[in-house]
2 protein chains.
Amino acid sequence: MSVTLKDVAALAGVSRSAVSRTFTEGASVSAKTRSKVEKAARELGYSPNALASSLTTGRTKLIGLISNNFHNPIFLEVFDQFTRALQERGLRPLIVNLTDETEPANSVRMLRQYSVDAAIVASSTLPPSFAKAFHDAGVPVVHTFGRSATSPEVHVVGIDNVECGRMAARELLARGYRRVGYLGGPEDATSALDRYRGFMEELADHPDIEVSHCFAGAYSFEAGRAEMLRLLANTPSEAYFCGDDILSVGALSALADHGLKPGQDIGIIGLNDMEMSRWESVNLTTIHQPIKQIITSSVDLVVEMLKEPQRYPEARIFPCRVIERGTLRPRP
Amino acid sequence: MSVTLKDVAALAGVSRSAVSRTFTEGASVSAKTRSKVEKAARELGYSPNALASSLTTGRTKLIGLISNNFHNPIFLEVFDQFTRALQERGLRPLIVNLTDETEPANSVRMLRQYSVDAAIVASSTLPPSFAKAFHDAGVPVVHTFGRSATSPEVHVVGIDNVECGRMAARELLARGYRRVGYLGGPEDATSALDRYRGFMEELADHPDIEVSHCFAGAYSFEAGRAEMLRLLANTPSEAYFCGDDILSVGALSALADHGLKPGQDIGIIGLNDMEMSRWESVNLTTIHQPIKQIITSSVDLVVEMLKEPQRYPEARIFPCRVIERGTLRPRP
DNA sequence: TACAAACTTGCAACCGGTTGCAATCGGCAA
DNA sequence: TTGCCGATTGCAACCGGTTGCAAGTTTGTA
């Protein structure tokens, strides 16, 4: 069926070692042998079996990519960036779709069976312990969009969610809103909790401001919409920090139902700055998260870990900034 | 480092074969041996190396998933469904992000190096020859969302795009539009061409109807918006069949710029029925493509091919239907 | 109790490569 | 021509499993 080392060796009239060496970087082969082998390989359409070689080299170039954000459009960008960045470095993404699972055991076992060289946990909702499980099983891991910590147990690349909460609070204050609310993601998501904490901490210094908060059932359009509809049925705040752009878009849809104009009647500020937020029909004021840099950095870090598996855990935190669009009233 | 068959065998006091057998379905092991082995495996935290075993069994359970639709939100759903469906059947998706590449050679070589058991080309834009390249290289392949054909060279699962074009044309006619247009995806995309053909063929029987057409640069919001802005700068038609929901959403955004109400001032019908089309703020009349069934069927077909690699190529074409929402005027 | 059939088990070869080691080769200076 | 040294090459063992085969063990039946 498929053509192997042995076939090429036979045709080229050399040993199997010679063939192996012409296909491995920096091995010792004479120009003559190399050309004989290359000719034979071309004739037979040979390409080395990466999996077989991984047996002896201990490297598969397979990278596990684990996520659970399949209902947030931001994931399109995340996923595009990740797969490209990995490919550019000669690595191969092996996907794990977590869906509703929150226990790492299955993913860990599976990725170990496939001998991935490293794993990337791409999720802002999973706790540090999730990524830690990979580390404990001997799989080098980077938690992208993970909870930032001063002394992380595993590599974390992302943003400071607490600081983002503060930033959102400051922004609402600066625009003169007096009754503000937090509409966060699911209550068990670390990012939702951290953003909540920052938001509340910042406002704790302003006892004159009325603060409310609630958590949506998911980071999704539907959840954001449902939650905002619920809020509008009672007495809503003047402005909301929605813990994610997709929640914001859902909330905007709820406002539209009630004939309310975002920015004028009720303020909304999101977080992420996904592509859709720039659409004219959405035009969402939001906190920009530097997705591209975060992902590039994550993949760079993975590459570093391949060279140095015991590398000391590190947190790479990127700054965010407010992007002014149309869903908050202007600063005075 | 990692614990192997040999370690378990040593601890359990049996041969390596015995250990291998307890971990392979349907092999002959006594209950006593099995329990000894399982105990030892548990103590050592052993799990078999899937890649090593693939060497002898010839099966990796790795499935190449190749796509280039990373800017269309529909891909979120496609990707979610695919990864889940594969996982449920014990298969592992190995991703190839084609980005701008249109030549199969690289992907084929790469997936062969990793000995994938099969490949799924998930793209409505790539020509049949792309998938054919996998077939020719001995990799079983399914082209999902591929061009339907009466005698396909490879397995195709999807919809009849020509018929969808017809359906769109009929729908516009039924609503009394007299000047209609096709706003398609990129001109080199098979789906854009097929939908165009069906649309035109159907209208060829109606010489009194004025027809126009154009192709957007990509299946993306921006491309749809730009194209519709261009159309609005001249004399637009009364209604458009946009060759994809994301083009439609872009087009709707352009209409909004001009203060035009979809459904009232200009009609829009899309294709796909992605989640976003249901959003109240979008509320797009569209042709529903049964994504979930298509993907389930594709994965089922992959499973069949694993059993029977030489299976005769088959086209599985699913019917579409119009979903009535708010962007076409009602039928009289 | 004896014997055949049915199960279990370990040995050894193999899957497709890699790599340490020792032998061989080629080139150059003496 | 000889001797020496570094570059090249093949052998053989190994990576972590699987599997055909033959020997050994049970089990069932007469």
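For B:R16 against C:dG10, a side-chain-to-base donor-acceptor contact under 3.5 Å is absent. For D:dG10, its base sits under 3.5 Å from the side chain of A:R21 at one donor and acceptor pair at least.
Of the candidates C:dC11, C:dT19, D:dC15, C:dT19 carries the atom nearest the A:S20 side chain, counting heavy atoms from C-beta on. For B:S17, taking side-chain heavy atoms from C-beta onward, the closest of the listed nucleotides C:dC15, D:dG17, C:dC11 is C:dC11. Nearest nucleotide to the A:T33 side chain, out of C:dG10, D:dG17, D:dT9: D:dT9.
Using a 4.0 Å heavy-atom cutoff across all strands shown, B:T24 reaches sugar-phosphate atoms only and no base atom. Heavy atoms of A:V29 sit under 4.0 angstrom from primed sugar atoms or phosphate atoms, though from no base atom.
Remark on DNA chain D: of its neighbouring residues B:K32 and B:S47, the 5'-side contact belongs to B:S47, judged by nearest-heavy-atom nucleotide.
Between B:F23 atom CZ and D:dT19 atom P the separation is 15 Å, expressed in whole Å. Rounded to an integer number of Å, the gap from NZ of A:K6 to P of D:dC11 is 14 Å. We find that CG of A:D7 is positioned 9 Å from P of C:dG17, with the value rounded to whole Å. In this entry the distance linking CD of B:Q113 with P of C:dG17 reads 10 Å, nearest Å. One can place CG of B:L55 at 14 Å from C1' of C:dA13, the figure rounded to the nearest angstrom. The nearest whole Å value for the distance from the CG atom in A:L5 to the P atom in D:dC15 is 18 Å. Rounded to an integer number of Å, the gap from A:N49 CG to C:dC14 C1' is 15 Å.
Look at B:S28 and you'll find a side-chain N or O under 4.0 angstrom from OP1 or OP2 of C:dT8. Checking the phosphate oxygens (OP1, OP2) of D:dT9, a side-chain nitrogen or oxygen of A:S30 falls inside 4.0 Å. Checking the phosphate oxygens (OP1, OP2) of C:dG10, a side-chain nitrogen or oxygen of B:S15 falls inside 4.0 Å. Using a 4.0 Å cut-off, no side-chain N or O of B:Y114 falls inside it from OP1 or OP2 of C:dG16.
Remark: A:E153 CD to A:D136 CG distance equals 8.0 Å, nearest 0.5 Å.
Between B:S20 and B:S17, the side chains place no donor N or O within less than 3.5 Å of an acceptor N or O (distance only, hydrogens not considered).
Under a 3.5 Å cut-off, the side chain of A:D7 and the backbone N or O of A:T4 do form a donor-acceptor pair. The closest donor-acceptor contact from the side chain of A:T57 to the backbone of A:S53 lies under 3.5 Å.
Contact record, A:F130 with A:L98: CZ-CD2, 3.6 Å, taken as the closest heavy-atom pair.
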